[in-house]
Amino acid sequence: MPLNDVGSADGDFTTFYGVHRPPLRKALALALGDLGLAEEAVDEALARAFLKWDELSQYEKPEGWVYRVGLNWARDGFRKRRYEILSEIDPDSVRSETKPVDVDLIEAVGKLSERLRSVVVARYYLDWSTLEVATALKIPEGTVKSRLSRALNQLHAELEE
């Protein structure tokens with residue numbers, strides 16, 4: 001089925017793809033610490049979303065499903081790989097038109113473990129509630145809050161230096 005024949009106007013995958021791919025790509029780059037891996041992860045997750053679009057289009061937040069699938073895909077393929085600081089990423093490539101980039105903050109976030117980064121990015125970059133992060137990552141909301149607390153403590157310590 002051609003991509004432009006998918007769904008109705010309100011459940012259109014092409015529209016979903018156009019709106020959500022750029023922020024999900026950036027979020028995965030921040031969470032994973034690797035722009036190339038994020039590109040692959042978001043494309044893989046969106047390809048899987050396309051195949052399940054009839055079901056996913058009914059979700060309240062299908063982009064949460066895509067984010068989680070992208071993270072899981074990257075974890076499965078690169079579980080033994082140690083993620084490096086985000087200094088490899090060109091700050092201009094993650095700059096939002098309305099949000100200036102703090103390079104020190106990006107480097108500090110890059111030093112967090114992948115589990116902490118994925119929660120921080122979903123909560124603060126994607127601006128999801130703790131419940132939405134928990135739902136997307138399939139973890140308890142208490143775990144989201146705990147990871148956020150640990151991450152914020154680490155970031156605070158790192159940025160004080």
Side-chain angles (χ1 to χ4, degrees), residues 15-49 52 56 59-161:
T15 301
F16 174 83
Y17 180 95
V19 168
H20 293 287
R21 186 186 186 280
L24 286 168
R25 177 188 152 276
K26 290 176 186 177
L28 286 168
L30 290 168
L32 296 170
D34 184 317
L35 185 58
L37 181 58
E39 289 277 349
E40 292 180 50
V42 75
D43 288 342
E44 178 65 28
L46 284 166
R48 292 179 186 191
K52 295 180 59 125
L56 290 178
Y59 285 20
E60 184 175 330
K61 200 167 189 77
E63 63 271 26
W65 185 93
V66 173
Y67 181 68
R68 185 187 75 249
V69 168
L71 284 173
N72 288 343
W73 179 86
R75 283 182 191 145
D76 290 345
F78 297 91
R79 216 174 264 287
K80 293 182 182 179
R81 180 179 179 273
R82 185 169 182 226
Y83 293 103
E84 297 177 6
I85 299 173
L86 288 176
S87 59
E88 300 173 3
I89 296 178
D90 175 10
D92 291 332
S93 72
V94 294
R95 179 166 290 147
S96 163
E97 296 302 316
T98 59
K99 298 178 185 173
V101 172
D102 181 336
V103 175
D104 292 334
L105 179 60
I106 289 176
E107 289 178 357
V109 169
K111 292 179 182 178
L112 295 173
S113 71
E114 185 272 331
R115 286 179 183 240
L116 296 181
R117 269 198 316 266
S118 63
V119 170
V120 167
V121 169
R123 175 66 184 98
Y124 296 108
Y125 180 78
L126 293 173
D127 198 28
W128 293 349
S129 70
T130 55
L131 180 59
E132 290 171 326
V133 175
T135 301
L137 298 179
K138 289 192 174 179
I139 58 177
E141 189 174 9
T143 301
V144 170
K145 292 176 181 179
S146 171
R147 288 181 186 177
L148 283 172
S149 177
R150 284 196 315 264
L152 293 176
N153 286 335
Q154 288 180 26
L155 289 171
H156 181 73
E158 181 69 29
L159 292 171
E160 272 189 345
E161 296 174 9

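Numbers here simply count residues along the sequence, with the first being 1.
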### Task
Kindly indicate, with the supporting measurements, whether the criterion side chain to side chain contact (heavy atoms under 4.5 Å, CB included) is fulfilled by Val133 and Tyr124.
CA-CA 10 Å; Val133 175; Tyr124 296 108; over 6 Å; no
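- For the atom pair Leu35 CG and Arg25 CZ, the distance stands at 5.0 Å (nearest 0.5 Å).
- The CG atom of Leu56 sits 10.5 Å away from atom CG of Leu46, with the distance rounded to the nearest 0.5 Å.
- For the residue pair Arg147/Thr143, the side-chain donor-acceptor check at 3.5 Å is not satisfied.
- You'll find the side chain of Val144 stays beyond 4.5 Å of the side chain of Leu137, heavy atoms only.
- Residues forming a side chain to side chain contact (heavy atoms under 4.5 Å, CB included) with Ala38 (at least two apart in sequence, or on another chain): Leu28, Ala29.
- Without hydrogens or angle criteria, Tyr125 side chain to Pro23 main chain gives no donor-acceptor distance under 3.5 Å.
- Contact record, Ala27 with Tyr67: CB-CE1, 4.0 Å, taken as the closest heavy-atom pair.
- Applying the salt bridge (Lys or Arg N to Asp or Glu O under 4.0 Å) test to residues at least two apart or on different chains, none of the pairs has a partner in residues 64-73.
- By the 4.0 Å N-to-carboxylate-O rule, Asp43 lies close enough to Arg21 to be salt-bridged with it.
- Annotation: side chain of Leu71 is in contact with side chain of Glu114 (closest heavy-atom distance under 4.5 Å).
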### Task
Test side chain to side chain contact (heavy atoms under 4.5 Å, CB included) on Thr135 and Trp128 and set out the steps.
CA-CA 10 Å; Thr135 301; Trp128 293 349; over 6 Å; no
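- Remark: Arg48 engages Glu44 in a salt bridge (Lys or Arg N to Asp or Glu O under 4.0 Å) (not counting sequence neighbours).
- Every residue meeting the side chain to side chain contact (heavy atoms under 4.5 Å, CB included) condition with Glu141, not counting sequence neighbours, appears here in chain and number order: Thr130, Leu131, Ala134, Lys145.
- Note: Arg117 CZ to Leu155 CG = 11.0 Å, rounded to the nearest 0.5 Å.
- Considering only residues two or more places apart in sequence or on other chains, Tyr17 meets the ring pair (Phe, Tyr, Trp, His ring centres under 6.0 Å) condition with none of them.
- Every residue two or more places apart in sequence or in another chain that forms a side chain to side chain contact (heavy atoms under 4.5 Å, CB included) with Ala45 is listed here: Val66, Val69.
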